[in-house]
Number of protein chains: 2
Amino acid sequence: MFTAKVYIQLKSGILDPQGKAVEHALASLGFGQISTARVGKLIELTVDAADQAEAETIVRGACEKLLANPVIEEYRYDIQRAEQEAEA
Amino acid sequence: MFTAKVYIQLKSGILDPQGKAVEHALASLGFGQISTARVGKLIELTVDAADQAEAETIVRGACEKLLANPVIEEYRYDIQRAEQEAEA
């Protein structure tokens with residue numbers, strides 16, 4: 001069993017309206033030191049795979065087919081073996 | 001200048017409808033090896049601060065006052081000095 005953390009962000013150059021809204025809200029709240037904000041997604045998955053390579057193949061497939069929009073978003077992921085592993 | 005990455009997730013035990021939707025969609029697409037999905041936010045900030053400690057104070061304040069809902073969400077952050085630093 002593996003745990004995958006997938007980080008998805010809009011590509012640089014793609015307008016991020018949610019990030020702009022956060023920037024304005026932060027400025028209104030007195031956080032003028034924060035000049036830019038970009039909002040993305042963090043998706044944690046539990047993956048049943050025999051080894052790290054198989055887990056990576058599954059996670060990459062899930063990103064390409066569902067989780068990320070490769071036209072405007074870029075993604076990266078960390079995969080770790082789940083700690084509470086009894087067998088293996 | 002510092003770059004902060006803020007990772008926000010629902011606390012464990014809080015229902016995550018978006019994560020459930022992702023789980024079902026993944027199962028429909030044939031990713032039955034992925035048993036759970038939790039969807040959170042990744043927010044990247046650019047912070048103008050004199051040192052790491054000041055940057056942390058600003059980022060923690062922004063999380064508590066705007067970015068995270070501490071009742072149902074937990075957050076963590078990484079702060080790094082921006083690479084393209086001319087002064088300092």
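Note that the structure is a prediction, hence the values are computed from the model and not measured. Below, chains carry the letters A, B, ... as their sequence lines are ordered, and counting in each starts from 1.
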> Honestly curious: do A:Y77 and A:L42 fall in one hydrophobic cluster under the side-chain, below-4.5 Å linking rule?
Replying inline: no
> If you round to the nearest 0.5 Å, how far is CD of B:Q18 from NZ of A:K41?
Replying inline: 7.0 Å
>> Is A:L29 in contact with chain B via its backbone, its side chain, both, or neither, using a 4.5 Å heavy-atom distance?
In response: side chain
> Between A:F31 and B:K65, is a side-chain contact (heavy atoms from CB on, under 4.5 Å) present by the stated rule, with each step listed?
Replying inline: CA-CA 10 Å; A:F31 292 99; B:K65 290 199 183 152; 4.3 Å; yes
>> With a 4.5 angstrom heavy-atom cut-off, is it the side chain or the backbone of A:Q9 that approaches chain B, or both, or neither?
In response: side chain
>> Would you say that more than 12 heavy atoms from the other residues, nucleotides or ligands in this model lie under 6.0 Å from the NZ of B:K20, or not?
In response: no
> Among A:A4, A:A49, A:G61, which has the most heavy-atom pairs under 4.5 Å with chain B?
Replying inline: A:G61
> Taking atom CD of A:Q80 as the centre, does the number of heavy atoms from other residues, nucleotides or ligands within less than 6.0 Å exceed 12?
Replying inline: no
> Got a sec, which residues hit side chain to side chain donor-acceptor pair (under 3.5 Å) with A:Q33, two or more places apart in sequence or on another chain?
Replying inline: none
> Is it the case that one hydrophobic cluster holds both A:L66 and A:Y7, taking links as side-chain heavy atoms less than 4.5 Å apart, direct or via other members?
Replying inline: no
> In terms of heavy-atom pairs under 4.5 Å with chain B, which of A:V22, A:V39, A:I58, A:I8 leads?
Replying inline: A:I58
> Relative to chain B, which of A:D48, A:T46, A:V6, A:L67 shows the most heavy atom pairs under 4.5 Å?
Replying inline: A:T46
>> As an exercise, state the distance from CD of A:E44 to CG of B:L10, rounded to the nearest 0.5 Å.
In response: 10.5 Å
> Same cluster for A:I72 and A:L15 if Ile/Leu/Val/Met/Phe/Trp/Tyr side chains link at under 4.5 Å?
Replying inline: no
> Is there a chain of hydrophobic side chains (I, L, V, M, F, W, Y, each step under 4.5 Å between heavy atoms) that links A:Y75 to B:L26?
Replying inline: yes
> Who among A:V47, A:I43, A:T36, A:L45 has the most heavy-atom pairs with chain B under 4.5 Å?
Replying inline: A:T36
